[in-house]
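These numbers come from a predicted model, not from an experiment. Chain A is the first sequence line, chain B the second, and so forth, proteins listed ahead of strands; every chain is numbered from 1.
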Amino acid sequence: MMASEFVALSLTPVLIAAFAGMACALPGNFLVLRKQALIGDAISHVMLPGIVVAYLISGRVTTWPMMFGAAGAAIVSVFLIEIIRRLGRIEFGAAMGVVFTAMFAAGVLLLEQSETSEVHLDVEHALFGNLEMLIWLQSDGWGSLLDLNALAQMPPQFFRMLTVFLLICLFTYIFWRPLVLISFDEAYARTIGTQAPLIGLLLVIFAAITAVAAFDAVGSIIVIAMILCPPASARLLTNNVRTQVFLSLGLALSATLAGYILASYAPLWLGFSDTVSAAGMISTLSGVFLAFSAVYGRHRKRIV
Amino acid sequence: MLWSALSLSLGYNATLVTLGSSLLGAAAGMAGTFLYLSNKALISDAISHATLPGLGLAFLMARGFGWDERQLAILLTGSAASAALGLYFVTLLTQKTRLTQDTAIGCVLSVFFAFGVVLLTIIQTVPGGRKAGLESFLLGSTAGMLYSDALLILILSLFTTLLLLVFLRPIKLITFDASYGETLGFSSRRVEILVLFVALAVTVLGMKIVGLILIVALLIIPAVSARFWSEKVDVIFLISAGFGMISGYIGSTISAISPSLPTGPIIVLCSFGVFLTSFIFAPQRGILAVALNHHRFQKTVHLTQGLLLVAQGQSIYEPKTHRLLRRLGYVRADGVATEVGNSMAAKTLLNERRWSHWNKLVRDSDQFDDQTVFSLMDIEKKLTQDQINMIDQGLVQKQQGQV
Amino acid sequence: MSGITLVSNRGFTLEGQTGQDAPLNIRGMTVSYGQMPAVYSIDLKVKSGSIFGILGPNGAGKSTLLKAAMGILPVVSGQISFFGKPLKEARHQVAYVPQRTSVDWDFPATVYDVVIMGLYPSLGLLRRISKSDKAKVAESLSKVGMQDFSDRQIGQLSGGQQQRVFLARSLVQQADVFLLDEPFAGVDAATESAIMLVLQNLQAEQKTIVVVHHDLSTVTTYFDHLFLINRQSIAYGPVGEVFTKENLTKAYGGKLGSTQLGTIGL
């Protein structure tokens, strides 16, 4: 395969998926430790009504209104879950189940009622993303990475995902201590003056931002799988938070690279004429990694 | 139109679908109650997402064997098998590794679903795959449903509901108190497997109508709503079944009248409407009642504590208490009690002393309850006049004894 | 009113405490779960420099009292101050040791990782951990006899060791008042005496220690002041005055048999 062809057709999708995967895995570590693993699942469901409402208001299927709509819906859902949980004294998981199904149902209904379904805004797109479409036609081999003009022509999703990834890294770096503290002992955290509820909320909001940025590029499935599978696998491989976080980044990265190759090239090598969903394959592979960690992981067993 | 729909005279298919979703709603309501009350509500989310790869594989295998790959029974069997496998993985991850249940659920649902998507993209490329309409299982679609499919769903739903009803007693018992149930000879593990089986059946049967993404709502929302109305397990089961049934019935009826309204979302939104009503208006646990009771309780506490301080001639430091007493005209701005305030204070103190004496009298009897704060209750409303007279005599004697 | 003279029956008056700057001062505190008061109208002044026991039967609201004082639970009414200041201003003077069972010990951390959490307030978000910080951790660990366990995974600790780690975490805070929630629950005898020794040393340094406790047999040896509670205040004062048969019967009701009272020497 020619280098220029690889750079043009595969480099950007791979990079975008890799940044998306790592950006998801990072907050995922703390969500797993805080036993809020399923919040990613909820967020990726409620983005649909947000997108539809944004479309109905703006009348356009363009990136930014959709992103704002999705982010708005995610934040609304987080607050709704919190209100229902606290005021109704309902367990977190159940409160989440009520909110995300109701909001998703409202989204589907709105979608069917509006003309939106005629333009390219369907559930499948939100689920699967369009990773394979994020090509960089203006490139001409690896040298283009140094060519500012060519770089400017890269799919905007690349810069968006990169920014979000760096933002999440920064957030995790700055708030490392409180994040670890509230994940281990929230009550104690409060007694030494940590704004535990605020940090917890920030964590969820950052996870939501990642989910929103990622779904447009790679679809919701990757989001849910990458928030959970790499951190869960990493948890079974190490007994140290810091190592766990770095391992989860590595696992997310490897799942992305290997998954993309499996989806886009392996079928062709095997003689099939069509590729399969890269997003689906990447997520599946992250599950395979988890399966291996669950069977062979050094720290897979619970001690206490 | 509405009447003919509600009275089930909209034609065979619509009637079958309506009956089917009502039954599924009821079964899901009951199975969901068990799951919710044992903190496993979201396990249904894993079940539903895990159906997708089975759906795809069943389709591909049926093609391979040369069967009719759109045969609903084949597709449902495949879905059920992969959902069961997903469920097995959730249990395995939770029991054999240190991962918690929510993480296990999330991992299984996302990976199974993702693999299902991979299979769907493969199916898109095989001849006839694009037209197979497997996507309709994601969001459900009753339009164009075959009569035989509707009948199959109805019969299986009936079977599921009956199965649940037969075993309802042990299920309720284990939900109420697992260890007590065990002593009566019911295995909580078997009950759980049974309930998960029912949840799986509901999911698979409801897929065509409600869609696999939204089917979890049937297993969660009615149970959560029912919890607001009662503290008794028996009653919660009954209410939850009712809520599920009504949502299924109304939802499928509405979408039968106007086909532009998709069945699944309408059923879920009906269910959510029931939830909202319960959440806000339920008499004990609803948020209005809770807020009102809490306000009243807080007032009683502040009033009682404040008036006791007045009675003891101590000053009131708590600003809230002070404001309350001022607003009621019991104390003046400078903190000195008014005449009404003094008489109220005396009354509160008397109440306190009477309770205290009563507690002394009953301390050794089985009427004694040391962990109820009696001071906040009006003794004249709780005890008979005779009892109060007896207490007062005791108090007078004690006082004379001291003098 | 049946001719009854109305005298306060609230059991005791709060004398002997001068000033409002007691290490912990609670006035009229009520905390409720729903409509049920978990603790009602608690007045409590902790004497400076004492080892102060909070004693009562199960469900009496001992832990609730502590949690509410630390701002973890909301109060229905009441005022709480530490050294005359609200908690917000006195945070650095107060150290709280939660119940050992309140956290999931299957957390990926070592003993060192947990103890250094006590330094987070002074470390802030990003300040590097210095040699002297590490020395503080090591010193606290050796005070509780866990100096050799610094790199041990917390999941591998016994209950008693977990409790010592929690105590060490509070020690690095270098607070003036320590609030311990059931530190002796489910720990071995060696740990119990080790913890008690640490607390006595703290007392010698003029620190104040508040301990939620449930074991009647050790009350007189462990504490110099006692607060008896069963939802409401039962009695308060020096151990010798409070730890009487009458008060205990008031707090525990019929649950306390005469044989039990006999074994604790009452």
Side-chain angles (χ1 to χ4, degrees), chain A residues 32 35-38 40-41 45 84 87-91 93-98 101-102 104-109 112-113 123-124 127-128 221-222 224-225 227-229 231-232 235-236 263 272-277 279-284 286-288 290 293-294 297 299-303, chain B residues 36 39-42 44-45 92-93 96-100 102-122 124-125 135 138-139 211 213-214 216-217 219-221 223-224 227-228 260-262 264-269 271-272 275 279 285-287 290-291:
Chain A
V32 166
K35 301 175 178 61
Q36 293 184 330
L38 285 162
D41 180 36
H45 280 95
I84 290 181
L87 297 184
R89 283 176 292 161
I90 292 170
E91 175 238 339
M96 225 170 66
V98 171
T101 51
F104 190 81
V108 174
L109 192 63
E112 302 271 334
Q113 291 302 295
V123 181
E124 280 168 57
L127 281 175
F128 313 157
I221 315 173
I222 273 202
I224 314 174
I227 284 184
L228 291 184
C229 290
R235 178 68 195 92
L236 303 177
F272 292 99
S273 57
D274 294 283
T275 60
V276 299
S277 157
M281 192 51 102
I282 292 170
S283 314
T284 308
S286 73
V288 174
L290 174 65
S293 315
H299 299 280
R300 63 184 183 278
K301 287 234 161 80
R302 193 166 246 274
I303 304 165
Chain B
Y36 171 53
N39 278 343
K40 291 192 181 75
L42 280 174
S44 45
D45 207 16
L92 215 56
L93 279 175
K96 301 277 173 182
T97 77
R98 65 185 349 143
L99 297 179
T100 48
D102 60 329
T103 307
I105 289 175
C107 290
V108 166
L109 84 81
S110 60
V111 172
F112 269 66
F113 197 73
F115 185 59
V117 168
V118 171
L119 290 175
L120 283 190
T121 53
I122 292 174
Q124 300 271 309
T125 65
E135 291 79 21
L138 287 178
L139 295 174
I213 298 181
L214 284 176
V216 290
L219 284 156
I220 297 178
I221 303 182
V224 174
R227 180 70 188 88
F228 281 100
S260 71
L261 296 174
I266 294 294
I267 293 182
V268 174
L269 290 175
S271 208
F272 185 68
F275 166 79
F279 179 65
R285 294 177 70 97
I287 54 170
V290 167

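- In this structure, B:L99 and A:L236 have side chains that are in contact, with non-hydrogen atoms separated by less than 4.5 Å.
- For the pair B:S110 and A:A225, the tightest heavy-atom approach, listed with the atom from each and the gap, is OG-CA, 3.3 Å.
- In this structure, B:R285 and A:R89 approach most closely via the heavy-atom pair NH2-O, 4.0 Å.
- For B:N39, the parts lying near chain A are the backbone and the side chain together; criterion is any non-hydrogen pair under 4.5 Å.
- Annotation for B:R98 and A:K301: closest pair CZ-O, 3.4 Å, computed over non-hydrogen atoms.
- When heavy atoms are compared at a cutoff of 4.5 Å, B:T103 approaches chain A by way of both its backbone and its side chain.
- What you find for B:P265 and A:V108 is that their closest heavy atoms are CG-CG1, 3.6 Å.
- Using a 4.5 Å cut-off on side-chain heavy atoms (C-beta onward), A:F104 and B:V268 make no contact.
- Separation of atoms CZ (A:R300) and OG1 (B:T97) is listed at 9.5 Å; rounding is to 0.5 Å.
- In this structure, the separation between CG on A:L109 and CG on B:L269 is 6.0 Å, given to the nearest 0.5 Å.
- Here the OG1-CE distance, from B:T121 to A:M281, works out to 8.0 Å after rounding to the nearest 0.5 Å.
- In this structure, the portion of B:F275 lying under 4.5 Å from any heavy atom of chain A is its side chain and not its backbone.
- Partner A:V276 forms a side-chain contact (heavy atoms from CB on, under 4.5 Å) with one of B:V118, B:T125, B:L119 and no other, that one being B:V118.
- Residue B:L109 touches chain A through its side chain alone, counting heavy-atom pairs closer than 4.5 Å.
- When side chains are defined from C-beta on, A:I90 counts as touching B:Y36, because their heavy atoms get closer than 4.5 Å.
- Between chain B and the options A:S293, A:S286, A:G88, A:A95, the largest number of non-hydrogen pairs under 4.5 Å is found for A:G88.
- Of the two parts of A:H299, the backbone and the side chain both hold a non-hydrogen atom closer than 4.5 Å to a non-hydrogen atom of chain B.
- Contacts between A:I84 and chain B at a heavy-atom distance below 4.5 Å involve backbone atoms as well as side-chain atoms.
- In this structure, A:T101 and B:I220 have side chains that are not in contact, with every pair of non-hydrogen atoms separated by 4.5 Å or more.
- Contacts of B:L261 with chain A are made by both backbone and side-chain atoms, with heavy-atom separations under 4.5 Å.
- Between chain A and the options B:C107, B:A223, B:G106, the largest number of non-hydrogen pairs under 4.5 Å is found for B:C107.
- Looking only at heavy-atom pairs under 4.5 Å with chain B, the residue among A:C229, A:P231, A:G297, A:A263 that has the most is A:C229.
- For the residue pair B:A114 and A:G280, the shortest heavy atom distance occurs at CB-O, 3.5 Å.
- Here B:I105 contributes atom CD1 and A:L38 contributes atom CG; the two are 6.0 Å apart, rounded to the nearest 0.5 Å.
- Residues B:V111 and A:L290 fail the side-chain proximity criterion, which asks for heavy atoms closer than 4.5 Å.
- Taking CD of A:E112 as the start and CD1 of B:I266 as the end, the distance is 10.0 Å to the nearest 0.5 Å.
- We find the CG-CG distance between B:D102 and A:L228 to be 8.0 Å, quoted to the nearest 0.5 Å.
- Heavy atoms of B:F228 lying under 4.5 Å from chain A belong exclusively to its side chain.
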